[in-house]
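Following: one structure in structure tokens, then a few remarks.
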There are 2 protein chains.
Amino acid sequence: MKFEAVTIKDIAKALGLSTSTVSRALRDSYEISPETKKLVLEYAEKINYHPNPIALSLKERRSRSIGIIVCEIANSYFSQVINGIESIAQNNGYNVIISQSHESAERELLNLQYLTSRSMDGLIISVSTETRDFSYFRELHDRGMPIVFFDRIVDEIETHKVIADNFKGAYDATTHLVKCGYKRIATLCNTTTLSIGKERLAGYIAALKDNGITPDESLIQYCQHGGLLAAEMDEAMNSLFRLRKVPDAIFASADKLTTGCLRALKSRGLSVPDDIGLIGFSNSELTELLEPSLSVIKQPAFEMGEVATSLLLELIEARHPVTNFQTKVLPTEMFIRQSTQTKKIRTKPVIS
Amino acid sequence: MKFEAVTIKDIAKALGLSTSTVSRALRDSYEISPETKKLVLEYAEKINYHPNPIALSLKERRSRSIGIIVCEIANSYFSQVINGIESIAQNNGYNVIISQSHESAERELLNLQYLTSRSMDGLIISVSTETRDFSYFRELHDRGMPIVFFDRIVDEIETHKVIADNFKGAYDATTHLVKCGYKRIATLCNTTTLSIGKERLAGYIAALKDNGITPDESLIQYCQHGGLLAAEMDEAMNSLFRLRKVPDAIFASADKLTTGCLRALKSRGLSVPDDIGLIGFSNSELTELLEPSLSVIKQPAFEMGEVATSLLLELIEARHPVTNFQTKVLPTEMFIRQSTQTKKIRTKPVIS
DNA sequence: TATTTTTACGCAATCGTTCCCGGCAACGAT
DNA sequence: ATCGTTGCCGGGAACGATTGCGTAAAAATA
């Protein structure tokens with residue numbers, strides 16, 4: 001089944017002109033007489049002509065499209081970022097192609113190859129948890145492909161980056177738990193191969209230290225797939241509750257980890273916030289409707305998408321190679337709700 | 001900033017062959033000697049050659065890509081459908097381009113034009129609430145573009161369609177509310193210009209009638225934007241609670257309406273399920289963690305994406321124009337949780 | 001040895017568009 | 001009358017890949 005579109009040739013033939021003349025008339029070239037222009041424009045309008053972007057891409061080696069790679073669009077944070085990206089892209093006449101890695105390095109590479117082969121003018125990327133080898137990103141970047149990383153950034157590659165203030169977000173959350181009287185504060189975090197994993201863990205540790213608490217390695221649980229797999233979540237929670245001294249609060253450092261953690265705590269029959277406090281990074285709009293309503297650290301997702309896109313467009317439209325790259329850090333916001341507001345007075349750690 | 005890729009010409013020049021020979025060697029043509037093939041393949045591998053899909057699209061007028069238009073990827077239902085689409089598409093060597101209408105007919109049209117001009121081989125579409133004019137869809141379809149509608153389908157256009165059993169889902173939900181003892185059951189629904197709006201409303205009405213309850217027009221509230229706008233949600237809820245006889249249960253017929261309704265009820269200080277019962281369509285994974293946990297009708301979203309894609313691929317790969325179109329109806333599933341399980345015995349309608 | 005067949009490759013058109021050249025009128029200046 | 005300008009437009013190459021057709025050399029046949 002084919003689908004035939006109107007081309008510049010059809011116009012040329014119908015009007016007894018050459019394709020060059022039609023092309024120029026459509027682009028409003030000074031070389032074409034007003035009458036001819038009028039003729040062409042009106043006829044083009046009439047037969048509903050639209051230039052073929054594929055032919056243009058081939059000719060111009062650009063597509064006025066930008067590619068996005070995220071792990072999951074089902075994640076509220078990422079869908080909000082994408083909306084931010086779209087808003088800026090559209091205002092500037094760019095289209096957006098979305099692809100998902102599902103936290104698989106292999107799929108990420110395939111998406112990357114697809115997007116570049118489709119002549120994307122630039123890429124906005126948040127890397128997958130699995131990715132260890134950044135050579136393909138580097139190669140692309142070295143060969144001049146404009147790339148902006150956001151959220152999960154790649155330190156080794158020098159380009160524009162956009163992140164939330166992960167350290168401060170984690171620091172604030174942890175400090176808040178301490179202030180609420182929790183004593184044994186555990187954390188669920190991404191692998192530290194991920195920038196967000198590293199930074200949020202650092203914030204957690206710093207907050208503990210600043211409050212005179214010695215970080216305990218056994219209270220730090222890493223989730224390779226960021227909570228995407230139920231199994232690793234169970235595994236992490238089991239490890240925490242097998243401890244002689246179980247935690248009395250948890251700081252979860254990513255969207256899926258936060259809600260996954262609540263689910264796990266509930267299924268263990270634990271009462272949040274009285275048996276255990278919970279706070280975490282989350283951009284879900286439902287957290288305030290949860291039982292209990294969740295205290296969360298929220299990232300300025302939409303804004304991050306906007307900023308990333310503005311930076312990318314700067315790169316794309318730069319006349320000279322850009323060497324002066326920047327990393328924009330946007331503030332997080334803390335929402336305090338029930339999940340950390342225990343009335344129980346905690347003097348000693350709870351012993352299981 | 002440009003990004004140069006390896007072309008077939010580079011290989012031809014380097015090996016002292018013509019581009020035709022290289023092309024044929026790469027496609028393993030019988031016309032090329034084994035030695036030459038080996039030479040070409042090895043060199044292509046070495047310099048990491050990948051055929052330019054844009055050039056191919058231009059030549060072949062197909063792109064091995066399928067386009068998706070949904071209203072919001074942030075909606076769990078749609079992101080699950082997209083995952084289903086991706087899984088089948090990838091297995092068949094197709095790529096997927098996602099675009100969002102944000103419930104705007106204008107954006108939907110722009111996306112449609114973009115996707116077709118990008119030589120999509122086929123489209124999978126769930127129309128926006130705003131869309132009244134289907135002429136563009138029809139034109140595209142008449143001109144041979146393979147299209148599969150899902151969820152919000154267009155009755156007037158004859159092509160493959162995939163839907164959940166909306167009537168039965170709504171019927172079951174409403175019947176469940178009746179069985180739980182609720183007497184004045186209201187509904188929050190999409191506009192009936194939308195197929196899902198129509199079918200779910202019909203299911204609600206049929207269930208009431210079958211249980212000896214006369215449907216009350218004032219208990220039916222329509223949301224033009226499917227709950228995307230907070231204002232229309234407020235408006236609908238105000239209308240319901242301004243009634244002399246306020247409802248004692250609500251059936252919400254879409255994802256955003258369901259969670260939005262819960263939010264509205266809570267902000268009014270009403271207790272669910274005791275002051276008012278709530279059940280609704282939702283595919284969010286968080287509904288069971290909400291306060292109260294929500295009774296929901298769940299659609300087989302992933303599967304719907306799979307089925308829609310299989311049907312689309314059939315259309316795309318058909319040798320002759322297809323005229324025998326089908327509408328697949330997949331069953332919904334009901335999950336009964338706290339939001340409908342009141343202990344209060346209801347004999348008379350609650351009077352405000 | 002002469003002729004036919006096969007093998008293995010190149011040429012050129014094509015997809016839709018842009019853009020560098022070049023051409024041909026008409027006109028004013030010399 | 002001739003020359004240079006200007007205005008307006010067409011021819012054709014290019015972007016990267018495929019493919020029908022043509023053809024030289026080698027192989028097979030008469």
Side-chain angles (χ1 to χ4, degrees), chain A residues 1-41 43-44 47-65 113-114 116-121, chain B residues 2-41 43-44 47-65 113-114 116-121 144:
Chain A
M1 287 284 69
K2 283 240 179 74
F3 180 79
E4 307 288 339
V6 176
T7 78
I8 220 167
K9 278 189 196 167
D10 300 327
I11 303 182
K13 206 178 295 169
L15 266 43
L17 294 168
S18 76
T19 58
S20 352
T21 305
V22 175
S23 172
R24 272 185 277 251
L26 291 169
R27 319 209 119 241
D28 201 26
S29 159
Y30 68 96
E31 290 186 283
I32 305 297
S33 72
E35 303 89 63
T36 311
K37 273 186 195 169
K38 187 155 173 283
L39 201 68
V40 170
L41 287 173
Y43 187 73
I47 62 171
N48 197 25
Y49 167 80
H50 287 284
N52 182 330
I54 297 201
L56 283 177
S57 294
L58 183 60
K59 186 99 179 69
E60 317 231 308
R61 282 133 140 207
R62 65 180 307 204
S63 57
R64 289 199 82 81
S65 301
Q113 290 172 338
Y114 175 74
T116 54
S117 70
R118 288 265 151 193
S119 290
M120 291 296 120
D121 296 348
Chain B
K2 285 245 177 69
F3 178 78
E4 307 287 340
V6 176
T7 78
I8 219 167
K9 278 189 199 166
D10 300 327
I11 303 181
K13 206 178 295 170
L15 265 45
L17 294 168
S18 75
T19 57
S20 9
T21 305
V22 174
S23 171
R24 272 185 272 252
L26 291 169
R27 319 208 117 241
D28 202 25
S29 161
Y30 68 96
E31 290 187 279
I32 304 298
S33 72
E35 304 88 65
T36 309
K37 273 185 196 168
K38 185 153 172 285
L39 201 66
V40 170
L41 287 172
Y43 187 71
I47 63 172
N48 196 27
Y49 167 80
H50 287 283
N52 182 330
I54 297 200
L56 283 177
S57 294
L58 184 59
K59 181 109 183 64
E60 319 231 311
R61 285 140 138 199
R62 65 180 309 207
S63 57
R64 289 199 83 80
S65 300
Q113 290 172 337
Y114 175 74
T116 54
S117 68
R118 288 266 151 190
S119 289
M120 291 295 121
D121 296 348

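Letters A, B, ... are given to chains in the order of the sequence lines, protein chains preceding strands, and every chain is numbered from 1. Side-chain atoms are counted along with the backbone in the values below, which use heavy atoms only and exclude waters and symmetry mates.
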**OG1 on B/Thr116 to CZ on B/Arg118, rounded to 0.5 Å** = 11.0 Å
Can you tell me the distance, in whole Å, between the [atom1] atom of [X] and the [atom2] atom of [N]?
X: A/Leu15; N: D/dC8; atom1: CG; atom2: C1'; result: 16 Å
X: B/Arg61; N: C/dT17; atom1: CZ; atom2: P; result: 11 Å
X: A/Asp28; N: C/dC19; atom1: CG; atom2: P; result: 14 Å
X: A/Arg27; N: C/dT17; atom1: CZ; atom2: P; result: 10 Å
X: B/Ile32; N: D/dT18; atom1: CD1; atom2: P; result: 12 Å
X: A/Asp10; N: C/dC15; atom1: CG; atom2: C1'; result: 13 Å
X: A/Glu31; N: C/dT18; atom1: CD; atom2: C1'; result: 12 Å
X: B/Leu17; N: C/dC11; atom1: CG; atom2: P; result: 11 Å

Would you indicate, yes or no, if [N] has its OP1 or OP2 atom less than 4.0 angstrom from a side-chain nitrogen or oxygen of [X]?
X: A/Thr19; N: C/dG16; result: no
X: B/Ser23; N: D/dG16; result: no
X: A/Ser33; N: D/dC9; result: yes

**Prompt:** Given that B/Pro51 and B/Arg24 both sit by DNA chain D, which one's nearest nucleotide is further toward the 5' end?
**Reply:** B/Pro51
Between [options], which nucleotide gets closest to the side-chain atoms of [X]?
X: B/Lys9; options: C/dC9, C/dT18, D/dC15; result: D/dC15
X: A/Ser18; options: C/dT17, D/dA17, D/dG11; result: D/dG11
X: B/Ile8; options: C/dC9, C/dG16, D/dA17; result: D/dA17
X: B/Tyr49; options: D/dA17, C/dG10, C/dC21; result: D/dA17
X: A/Ser20; options: D/dG11, D/dA17, C/dT17; result: D/dG11
X: B/Leu56; options: D/dT18, C/dT17, D/dC8; result: D/dT18

Counting distance only, does the side-chain N/O of [X] pair as donor-acceptor with the main-chain N or O of [Y] below 3.5 Å?
X: B/Asp121; Y: B/Ser63; answer: yes
X: B/Thr36; Y: B/Ile32; answer: no
X: B/Ser117; Y: B/Gln113; answer: yes
X: A/Lys37; Y: A/Ser29; answer: yes

**Message:** Just to be sure I understand the rule, does A/Thr36 reach a base, reach only the sugar-phosphate, or reach nothing, if contact means heavy atoms closer than 4.0 Å?
**Reply:** sugar-phosphate
**Request:** Begin from the C-alpha positions of A/Leu26 and A/Ile8 and carry the test side chain to side chain contact (heavy atoms under 4.5 Å, CB included) through to its verdict.
**Result:** CA-CA 9 Å; A/Leu26 291 169; A/Ile8 220 167; 4.0 Å; yes
**Message:** If you assign B/Gly16 and B/Lys59 each to the DNA chain C nucleotide with the nearest heavy atom, which residue ends up on the more 5' nucleotide?
**Reply:** B/Gly16
**Message:** Does B/Arg118 contact C/dG16 through a side-chain donor or acceptor facing the base, at a distance under 3.5 Å?
**Reply:** no
